[in-house]
Amino acid sequence: MIGVHPSTVSRALDPAKRHLVAAEVAERIRQTADELGYRPNPVAASLRTQRSALVGVLVPDIANPVFSPIISGISEVVRGAGYSTIVADTGSESDAGLRLIDELIARRVDGLVLASVSRSDAVLDHCLAEGVKVVLVNRADDSGRAPSVVSDDIAGMKVAVEHLHGLGHRIIGHVGGPEHLSTGHLRRLGYEQAMAGLGLDVETRLIAAARAYDRTEGARATGLLLDRNPDMTAIAAANDLLALGAYEAIRARGLACPADIAVVGHNDMPLVDLVEPPLTTIRIGPREMGCDAARILLGLMSGEEPAEPHHVLVPTLVIRSSTGPARPRRPAAS
């Protein structure tokens, strides 16, 4: 009908190989395919090529807004190479993550991006044992066995503490993340290093670790800090959801942010500029993380080893209205 070899048609209809066909010919083939109602059969193609053109993405909490731009960045990059994404929410249970990995392997995914790993992670162990191409994003394990794209969590927390110190705060609490996650562990280290470097007290009473990255845990941990430190004037939180929980605990004590307690978050997740007060936070670049992780994975799936297997992004401070000059604490409402 259009006078070209079947292999040319195949390349023209494959996004990953379309560049091998002259643009005019590829467009003519596409138009003819549309007229005939042709739709590629991915199941048949995967049986023939032993590839599915699918990339799996595992996140620990799909309701957490920080993961949306990560997923978006991954999808944009792999789509340009002819892949589709399957996104799965693992929750906090490693058994659930293992089941999901097995289901994705059964569907012949060509690679995985994991945003869900802990510092010692059974899911990652399983992926590597099965020979699956995998890249970690936002969180990393302690072994460094898989390529990763993360923010410099230590540096980010140092920037947060230094910002508060520059405003005159000296008694700065830390609402930490879960210690079994790289983000929680490294951001606590960053807090401790920053406080020590500024000559400030680094005491256990100034640190309260959350058991999960959510507002409820942020409020609970902040309540502990307020009980232990009635003279505390600032909080550096390990993520934005914890910071929003801190807002709730501060209001519950009849205090105000930032007049009584200044708060810095971490991540700059979507919409934190719309809360009251708009949240000062550390921007980690989640969309860039997703894009970079996807590019590394595409290289791995093509047999290329990454030139930079552990890519660390530089975080930046975004100043909004939740931080201000330190003032003497007024008594909490009784």
Exercise. Would the number of heavy atoms belonging to other residues, nucleotides or ligands and lying under 6.0 Å from CZ of R205 be above 12?
Worked result: yes
Problem set entry | CD/E308: more than 12 non-hydrogen atoms of other groups inside 6.0 Å | yes
For this session: Evaluate side chain to side chain contact (heavy atoms under 4.5 Å, CB included) for L124 paired with L136, printing each intermediate quantity in order.
Result: CA-CA 9 Å; L124 177 59; L136 312 181; 4.1 Å; yes
Exercise. Yes or no on salt bridge (charged side-chain N to carboxylate O under 4.0 Å, His left out) for R99 and D95, after CA distance, side-chain angles and deciding distance?
Worked result: CA-CA 6 Å; R99 288 194 299 271; D95 287 349; 5.2 Å; no
Exercise. Taking D240 for the side chain and M269 for the main chain, is one N or O donor matched with an acceptor at less than 3.5 Å?
Worked result: yes
For this session: Answer with yes or no whether the side chains of H126 and D102 bring together a donor and an acceptor at under 3.5 Å.
Result: yes
For this session: Report yes if some heavy atom in the side chain of L313 is under 4.5 Å from a heavy atom in the side chain of D152; otherwise report no.
Result: no
Exercise. Just by distance, do the side chain of D214 and the backbone of E217 share a donor-acceptor pair under 3.5 Å?
Worked result: yes
For this session: Taking S118 for its side chain and S120 for its backbone only, find out whether a donor-acceptor pair lies under 3.5 Å.
Result: yes
Exercise. Without hydrogens or angle criteria, can the side chains of R320 and S322 be said to hold a donor-acceptor pair below 3.5 Å?
Worked result: no
Exercise. Is there a chain of hydrophobic side chains (I, L, V, M, F, W, Y, each step under 4.5 Å between heavy atoms) that links L181 to V59?
Worked result: yes
Problem set entry | From D61, T183, N267, residue fulfilling side-chain hydrogen bond (donor to acceptor under 3.5 Å, both in side chains) relative to Y213 | T183
For this session: Measure from the side-chain N and O atoms of Y247 to the backbone N and O of V275, and report whether any donor-acceptor pair falls under 3.5 Å.
Result: no
